[in-house]
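Notes to accompany the following structure.
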Amino acid sequence: MRVGYIQTSPVFGEKEKNFENIDKIISKNKADILVLPELFATGYTFSSKNEVNSLSENLEGKTAKFLINLAKKTKGLIIGGYVEKSKNKLYNSAMIVSQKGILGNYRKLHLYYKEKLWFSPGDLPLQVYKFKEINIGVMICFDWFFPETTRTLALLGADIIAHPANLVLPYCQNAMVTRCLENKVYAVTSNRVGSEKRGEDNFQFTGKSQITSYNGDILSSAPIEEPFIDLVDIELENVRDKSINAYNHIFKDRQIQFYF
Ligand code: ACM
């Protein structure tokens, strides 16, 4: 099973240019699962809701078409973030697509900072998608801060978490070690690089996209500043056995009557 990420440096508002840059990076690489960053085609630092609206799409838009074409090249599943408009609401979403078309759509549950001004929080349940024999859960960027997200995906049977991101805080890459360990899942965090100074905001994105193993090993770590692609081979056998020794099982040992 080959999984990986593309780390990009999107140009704000220039969808075609951002698509072209990804086409160049992907080259002839094949992957069962490939994760692209959050909002990879639009950029992140919006200055008004009108601007977000003008970059929004539905599941039949140019970003969906681009991702389906990309999946034809990689022969696998692609997960990538976009601005979704549905019934007059805007969401920070990620599409899950194969070469056959759209397999799913995830709306970010935990909005970060001014995303709360632009987007509605996700209103769809967390879900696991099946592709070949892999169970894939999806969360977007700041969702990592809420351990309930990864835990719920793991309880739903996820083997691997696809994690499109535009990280601006320095904690996630380290935190994913714990998220993966405590759930015995793999994670592919696809981050972006570069900075975006727009309106009052000036974000520096942290790069270091990461593939984290169920045992806490970091299988891939991208550079801080450059676009990058990496793919690694993983096996699923160990992630489905949630025991950690003869006595401890990470799901069965939970004391849920004592938790909120
Ligand atoms: C973030 O959730 N993009 C920081």
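Given the structure is predicted, the values throughout are model-derived calculations rather than measurements. When a ligand or atom number is given, it counts from 1 through the structure's own listing order. Numbering starts at 1 and runs along the sequence shown.
Within ligand 1, counting atoms from 1 as listed, the ones closer than 4.0 Å to a heavy atom of Glu115 are 1 (C), 2 (O), 3 (N). The atoms of ligand 1 that sit less than 4.0 Å from any heavy atom of Phe142 are 2 (O). Near Cys141, the atoms of ligand 1 lying under 4.0 angstrom from a non-hydrogen atom of the residue are 1 (C), 2 (O), 3 (N), 4 (C). With ligand atoms numbered from 1 in the order given, ligand 1 contributes 1 (C), 2 (O), 3 (N) to contacts under 4.0 Å with heavy atoms of Lys108. Every atom of ligand 1 is numbered from 1 in the order shown, and the set under 4.0 Å from a heavy atom of Glu38 is 1 (C), 3 (N).
The existence of a salt bridge linking Glu133 and Arg240 is excluded, since no basic side-chain nitrogen approaches an acidic carboxylate oxygen closer than 4.0 Å. A salt bridge between Glu182 and Arg179 is present, with a side-chain N of the basic residue lying under 4.0 Å from a carboxylate O of the acidic one.
Under the salt bridge (Lys or Arg N to Asp or Glu O under 4.0 Å) criterion, Asp201 pairs with Lys114, not counting sequence neighbours.
A side-chain N or O of Asn105 and one of Tyr82 form a donor-acceptor pair less than 3.5 Å apart. At a cut-off of 3.5 Å, with distance as the only test, a side-chain donor of Glu115 or Tyr44 sits close to an acceptor on the other residue.
By the criterion of a heavy-atom distance under 4.0 Å, the side chain of Tyr112, and not its backbone, is placed next to ligand 1.
Under the 4.0 angstrom criterion for non-hydrogen atoms, Tyr113 is not in contact with ligand 1. Within the structure, the closest approach of Leu167 to ligand 1 does not fall below 4.0 Å when heavy atoms are considered.
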Could you walk me through whether Thr149 and Asp143 pass side-chain hydrogen bond (donor to acceptor under 3.5 Å, both in side chains), step by step? CA-CA 6 Å; Thr149 319; Asp143 282 331; 4.7 Å; no
